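Everything below concerns the one structure shown next.
All residue numbers in this chain count up from 1 along the given sequence. Keep in mind that this is a model prediction, so the values were computed, not measured.
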Amino acid sequence: ILGALLMTVGYPIRFKVVAVRPPGAPRPPDFNHIYLMVGLPPRDPQQWVPLDASVNKPPGWEPPAQMIDRFHVYEIEDAA
């Protein structure tokens, strides 16, 4: 819903899927977390800010790099 609301008011969005692995844990077989990224400024994004609504963290937080085993970013095309 947050992504749809941001797109409605003109912000570009992406989705980032990650395979999170705590230190010492075995490699996860598949991606196990997804979160939104919003482009700033809206018309010509120079920065992509993570917005993870599933954790009690401020905008800009994402899993620590040492916990990300692999990731993929999905571009979302505006249908308008």
Discussion item. Does the structure place the NZ or CZ of Arg70 under 6.0 Å from the centre of the six-membered ring of Phe31, at an angle of no more than 45° from the ring's axis?
Written reply: yes

Worksheet item: Among the clusters formed by ILVMFWY side chains lying less than 4.5 Å apart, do Tyr74 and Ile34 turn up in the same one?
Response: yes

Worksheet item: Rounded to the nearest 0.5 Å, how far apart are CG of Leu2 and OH of Tyr11?
Response: 11.5 Å

Worksheet item: Roughly how far, to the nearest 0.5 Å, is the NE2 atom of His33 from the CZ atom of Phe71?
Response: 14.0 Å

Worksheet item: Among the clusters formed by ILVMFWY side chains lying less than 4.5 Å apart, do Met7 and Val38 turn up in the same one?
Response: yes

Discussion item. Testing the basics here: between Gly3 and Ile13, what is the closest heavy-atom pair and its distance to 0.1 Å?
Written reply: CA-CD1, 3.7 Å

Worksheet item: Just how far is it from atom CZ of Arg14 to atom CH2 of Trp48, taken to the nearest 0.5 Å?
Response: 4.5 Å

Discussion item. Cation-pi check for Tyr35 against Lys16: NZ or CZ below 6.0 Å from the six-membered ring centre and within 45 degrees of the axis, yes or no?
Written reply: no

Worksheet item: How far does CG of Asp69 sit from CG of Asn32, to the nearest 0.5 angstrom?
Response: 9.0 Å

Discussion item. Starting from Leu40, can I reach Leu5 by hopping between I/L/V/M/F/W/Y residues whose side chains sit under 4.5 Å apart?
Written reply: no

Worksheet item: With hydrophobic residues grouped by side-chain heavy-atom distances under 4.5 Å, do Val17 and Val49 end up in a single group?
Response: yes

Worksheet item: Is a side-chain N or O of Gln47 found less than 3.5 angstrom from the main chain of Pro45, in a donor-acceptor match?
Response: no

Worksheet, complete the sentence: When rounded to the nearest 0.5 Å, the distance separating CG of Leu36 from CD1 of Ile76 is 8.5 Å

Discussion item. Restricting to non-hydrogen atoms, name the atom on Arg21 and the atom on Ala25 that form the minimum distance, rounded to 0.1 Å.
Written reply: CD-O, 3.0 Å

Worksheet entry | Minimum heavy-atom distance between Met67 and Pro23, given as atom pair plus value | CG-CD, 4.2 Å

Worksheet item: Which residues satisfy the side chain to side chain contact (heavy atoms under 4.5 Å, CB included) test with Val55, sequence neighbours excluded?
Response: Asp52, Lys57, Trp61

